[in-house]
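Residue numbering restarts at 1 for every chain, and letters A, B, ... go by the order of the sequence lines.
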Amino acid sequence: MEIPKTYDPKQAEELHYARWEREGCFAPEINGDAEAPVYAIVIPPPNVTGSLHMGHALQHTIMDVLTRFRRMRGFRTLWLPGTDHAGISTQIMVERQLKKAEGLTRHDIGREDFNARVWKWKEQYGGEITRQMRREGASVDWSRERFTMDERLTRAVREFFVRCYEDGLIYRGPGIINWCPKDQTALSDLEVDKESQAGKLYYLQYPVQGSERRVSVATTRPETMLGDTAVAVNPNDERYRDLVGQTLVLPIMGREIPIVADEFVDPEFGTGAVKVTPAHDPNDYAIGKRHNLPQVQVIDQYAKMTADAGAEFAGLDRYEARTKVVEKFEDLGLLEKVADYEFAITKCERCGTVIEPLISTQWFLKQAELGRAPLELIREKHEPRFVPENPYEKTYTNWLENLHDWTLSRQLWWGHRIPAWYDESGGVYVARTEEDAKAKAGTDKLTQDPDVLDTWFSSALWPISTLGWPDEDAPDLKTFYPTAVLVTARDIISLWVSRMMMTGMKFEGRKAFDDVFITGTIFDKHGQRMSKTKGNGVDPLGVFDKYGVDATRLVLASIGSTDTRWNDNQVESYRNFANKIWNAARFCLLNSEGADMSGKGWAHAEDWTLADRWIRSRFFRTARDVNEAINGYDFHQAVQSLYHFFWDDFCDWYIELTKADVTAAEDTPARSGARSRLLTILEQSLRLLHPFMPFLTEELWQRLPGVGKDLHHRAYETADVTPTIMLTSYPQFSKKFDTRKIDERAESEMRAIIELISRVRNIRTELGLKPSEEIEIILNTEDERLLEVLGETSGQIMRLTRAGKGMRRPGRAGVTIEVPRASARAALAGGAEVAVPLEGLIDFEQERARITREREKQEKELQKTEAQLLNPQFVERAPAEKVEELRQRAADTGQRIKALGEMLEALGE
RNA sequence: GGCCGGUUAGCUCAGACAGGCUAGAGCGCCAGUCUUACAAACUGGAUGUCGAAGGUUCGAUUCCUUCACCGGCCACCA
């Protein structure tokens, strides 16, 4: 059989994914067991404009591990893929392209034509991220791929809107909103970023009407004073108490404005008096409402000053106006002072333009009402379960406790058009279709609201809309809802997670998912967040190319929910692991002739060696750990267990111990038995690894002799597919039924053998023996069981220590083999000792030093242990088993010290 | 301002929820090796007052308090 020496990930990756997809392995229908439990995940839909970044790769890896794991356990498994239309991002991108290619704006070509182009763009380029997901090995059901602007999902959006409108949760009206002067649209509070910025705090003086007195107000935005309609003070502020109810003359404008008392004002800050601009500040808007103040809009939607700002200012940019206002105040002698001040500035998340709060008529959703049910659920039952629970359950709860109305409408063209129509007299008709609206209005002369909905409005429906809602009898909705887990990043817990819970509970009466797994954040090697603008992102595809997808997935799975600095070394080490697996399998395959890898498990137990019993025990221990780890979302632990089992136990020890039997020249039952067991362990290990390393494991599994559908999980027995490891059953360990699979005795016996071999190897190195030099070993022990095991494994021990000159040991307990003086010796557990006679090679002085060193180390350890045991309070208060444990350790250490002392004595002076 | 996290070997990270195991892994480092699967390997080895200071305890890297530095989420202080 020809097998290359190194694993080439590329060809395996291309080969297997295409076949899995073609044969429908990812679809839940592959499962033929009508009684099978269900496991469903919907993907957080990436933006159509996006391309894969490490964060995606991380989330997808976690989801794929979970999905493949459950699939192999026989669950009816669905991982549903799809993309988001990403309103603003996509529109901006296509606009930019239009400008670049044809020098046109969207207004030049009109709404209809523009949207047609966006669709065309989506068809052409929107598939990039889904192609990249295939590269990752994501076992998503492509036949159920969804897009937030699909016909059905659009229907869901309208249903959501109409139902909420009918329930009084959605309303249209004026409100103060975040306005982006560049993108020309309203934005929700979650689509803006707050940034700290060094700026100035201007202290302006407003004269009191009919008095010499002036009131100072502090502001970071002097230009808004042109729209001031009051000054507010705290009602308990003695300094201003007498002024409340009086009037100020607004400088420049000459307008008379009242002084009002409002609890909102913090007397400690600034001057204790606040200028109130209801039209351009959310707080002032609220104060204005409370005191019935007029709203004077002095800044328009382009961030230019309006006519109401006065002829002098009208048309100026807001920042030019700021300079000019300050100059004016200075001229008027009303500028008290200017101080350096750091404050938060709000910017558009997309374009970075400073947001202008404006009063505007928009559509709003009363989130507080929708949030009530999810809030109750998390408070009372801690559902959904967040992983990690801390701090995310709190993040989620806090958000639900402080819900504000959600600005739904966007002045964009790309997105779900608001299902509201107006008649000629301004009457509003909200309806599922235009026909319905016409029927309601009793006229054909209706105009649809030009605005579209916030992208997150459709995202909020994702788990139900992708499964078929609003069709109440949609089969997928019945089968797969609620989903098992949502895997996402922490920054959209409020934006998205909470809202899916709201819609799920409102429309389906149940939580959208049982668990929420929050992935960690991947930083660059300097601890900086990866971002396109910084250009410090690591491209997952580049990493795939360099190290292979499977190796990358292991790193990502290990990262799980931990924040991590990306490091190629990590991937390299898992690339090496992949290669290790490849070569171990290569060894097994090169020695597979005559093997009967029925996969039926572990036949002919009577022929087993200690190594066989041991590896089987280690295997099931690993299977148990890995199952537990995945169930508990502890992917790091799962990967560690797999890595160490495969590399340390299987490769370093099991293959080495069985090598002689497996590679024997003659075809005997012993050889074929050894080969069969070796292949069986390999096959089972590949299954255990498969959810993490789908490509490599499939590639190797396909090459194993005798693999077929009979190895499939019984749920996939009838599946019409090429036999594949992804449909085999995942190795299980049941505490109830499989206790015998873990063999404590075999493990403890192997520990002794491993210690023996390691000590001899250590002696070899310390004495500078060449690896090729053959030695003799003498082993003395009183332990009958050890003697018995040694009898069975002496050949293997001799091979692994290169003891070509033989190994001598007592025939029975109570007998001691005499050790020549010129020997290197070491103490083992249980008072056993090993010696390597090296006539002529031993420097007695050095050997004494070596043993003395070892004895000192052991004595130090014994001292520590005994100090504790001598403490009566410890013996009295510590749990009995702790004390016993320590006594045993003390006894073992004591035995070693004694043995080492005897060795020194034997060495003489 | 509120809430929360991190600080363990040169680097990237486990361990800590349920205190006691000689504190681990990978990479890197030192020495040696082509030992018939693998030099992306093998064998052996060195490396940490577990951020600082207190406290609780028979016992603290782990629990509590304070502090320092780094970071996150939320928030209407002009």
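- Here B:G26 presents its P atom at 18 Å from OH of A:Tyr547, a figure rounded to the nearest Å.
- Taking only side-chain atoms of A:Asn579, from C-beta outward, the nucleotide of B:C77, B:U22, B:A40 with the closest atom is B:A40.
- Donor-acceptor pairing under 3.5 Å, judged by distance alone, is absent between the side chain of A:Lys394 and the base of B:C4.
- The residue A:Asp491 sits apart from the nucleic acid: no heavy atom pair falls under 4.0 Å.
- Among the atoms of the strands shown, none is found under 4.0 Å from any heavy atom of A:Arg221.
- Among the nucleotides B:C21, B:A37, B:U43, the one closest to the side chain of A:Arg889 is B:C21.
- At least one side-chain nitrogen or oxygen of A:Trp647 sits closer than 4.0 Å to the OP1 or OP2 atom of B:C42.
- Counting non-hydrogen atoms under 4.0 angstrom, A:Cys588 reaches nothing in the nucleic acid.
- Rounded to a whole Å, the NE2 atom of A:His644 is 9 Å from the C1' atom of B:G24.
- OP1 or OP2 of B:G45 sits under 4.0 Å from a side-chain N or O of A:Asn762.
- Within the nucleic acid shown, A:Arg761 comes within 4.0 Å of sugar-phosphate atoms alone, with no base atom in reach, counting heavy atoms only.
- Across all strands, A:Glu773 comes closer than 4.0 Å to no nucleic acid atom at all (heavy-atom distances).
- The only member of A:Asp281, A:Asp228, A:Asp284, A:Thr229 that meets side chain to side chain donor-acceptor pair (under 3.5 Å) when paired with A:Lys275 is A:Asp228.
- Between the C1' atom of B:A75 and the CG atom of A:Asp193 lies a distance of 15 Å, rounded to the nearest Å.
- Straight-line distance from the CG atom of A:Asn871 to the P atom of B:A60: 11 Å, rounded to whole Å.
- Across B:A75 and B:U8, the matching P atoms stand 32 Å from one another, rounded to whole Å.
- The listed nucleotides are B:A37, B:C76, B:U22; the one nearest the side chain of A:Phe587 is B:A37.
- When the side-chain nitrogen and oxygen atoms of A:Ser558 are compared with OP1 and OP2 of B:C13, none of them lie within a distance under 4.0 Å.
- When distances run from any side-chain atom of A:Lys580 to the nucleotides B:A14, B:A37, B:G20, the shortest one goes to B:A37.
- Side-chain nitrogen and oxygen atoms of A:Lys860 include none within less than 4.0 Å of the OP1 or OP2 phosphate oxygen of B:U22.
- Residue contacts shown for A:Thr564 are limited to sugar-phosphate atoms, with no base heavy atom under 4.0 Å away.
- Side-chain atoms of A:Gln570 and base atoms of B:A25 include no donor and acceptor less than 3.5 Å apart.
- Separation of the P atoms belonging to B:G20 and B:A37 is 43 Å when rounded to the nearest angstrom.
- Taking atom C1' in both B:C17 and B:U61, the straight-line distance is 15 Å, to the nearest Å.
- Here the nucleotide nearest the side chain of A:Phe343, chosen from B:C73, B:A78, B:C76, is B:A78.
- Residue-level contact check: A:Tyr643 touches the backbone only, with heavy atoms under 4.0 Å from sugar-phosphate atoms and none from bases.
- A:Arg565 has a side-chain polar atom (N or O) that falls below the 4.0 Å cut-off from OP1 or OP2 of B:U12.
- B:G72 atom C1' lies 8 Å from atom CG of A:Asp563, rounded to whole Å.
- Residue-level contact check: A:Asn591 touches neither bases nor backbone, having no heavy atom under 4.0 Å from any strand.
- For the C1' atom pair drawn from B:U47 and B:C30, the interatomic distance equals 11 Å after rounding to whole Å.
- When each of B:A14, B:C11, B:G72 is scored by its nearest atom to the side-chain atoms of A:His636, the top-ranked nucleotide is B:A14.
- Paired regions of RNA chain B, where each region holds three or more successive Watson-Crick or G-U pairs whose two hydrogen-bonding distances fall under 3.5 Å, are B:1-7 with B:68-74, B:10-13 with B:24-27, B:29-33 with B:41-45, B:51-55 with B:63-67.
- Atom CD of A:Glu593 sits in a sparse spot, with 12 or fewer heavy atoms from other residues, nucleotides or ligands closer than 6.0 Å.
- Distance A:Ile763 CD1 to B:U43 C1': 14 Å, rounded to the nearest Å.
- The phosphate of B:C38 (OP1 or OP2) has no side-chain N or O of A:Asn576 nearer than 4.0 angstrom.
- In this structure, A:Gln570 contributes its side chain and A:Val555 its backbone to no donor-acceptor pair below 3.5 Å.
- The gap from the C1' atom of B:U7 to that of B:G15 amounts to 15 Å, rounded to the nearest Å.
- Which of B:A78, B:C38, B:C27 sits closest to the side chain of A:Lys5 comes down to B:C38.
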What N/O pairs connect the protein and nucleotides 33-35 of chain B at under 3.5 Å? Give each pair on its own line.
| from | atom 1 | to | atom 2 | distance (Å) |
| --- | --- | --- | --- | --- |
| B:U35 | O4' | A:Arg802 | NH1 | 3.3 |

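- Ring geometry for A:Tyr396 against A:Phe386 counts as tilted: the plane angle lies between 30° and 60°, on a 0 to 90° scale.
- When the P atom is compared between B:G24 and B:A9, the two are found 14 Å apart, to the nearest whole Å.
- Comparing B:A46 with B:A31, their C1' atoms sit 11 Å apart, to the nearest whole Å.
- Each of B:U12, B:A40, B:A37 was ranked by its minimum atom distance to the side chain of A:Thr6; first place goes to B:A40.
- A:Leu403 places its CG atom 16 Å from the C1' atom of B:C76, with the value rounded to the nearest Å.
- Closest to the A:Asp266 side chain, of the nucleotides B:G20, B:C4, B:A78, is B:A78.
- Note on A:Thr893: nothing from the nucleic acid sits closer than 4.0 angstrom, heavy atoms only.
- Taking atom C1' in both B:C42 and B:A16, one finds a spacing of 35 Å when rounded to whole Å.
- Checking B:A78, B:C27, B:C73 against every side-chain atom of A:Thr395, the shortest atom distance belongs to B:C73.
- Using a 4.0 Å heavy-atom distance criterion, A:Trp566 is classed as making no nucleic acid contact.
- Across all strands, A:Lys770 comes closer than 4.0 Å to no nucleic acid atom at all (heavy-atom distances).
- A distance-only check finds a donor-acceptor pair linking the side chain of A:Arg586 to the backbone of A:Ile3 [under 3.5 Å].
- For A:Tyr547 and A:Tyr574, the ring centers sit 6.0 Å or farther from each other.
- Residues A:Ser216 and A:Glu336 bring a donor and an acceptor atom of their side chains to less than 3.5 Å of each other.
- Residue A:Pro879 is in base contact, counting any heavy-atom pair closer than 4.0 Å across all strands shown.
- Contact annotation: A:Tyr341 side-chain N/O to B:A78 OP1/OP2 distance is under 4.0 Å.
- No hydrogens or angles were tested; on distance alone, a donor-acceptor pair under 3.5 Å links the side chain of A:Gln868 to the base of B:G20.
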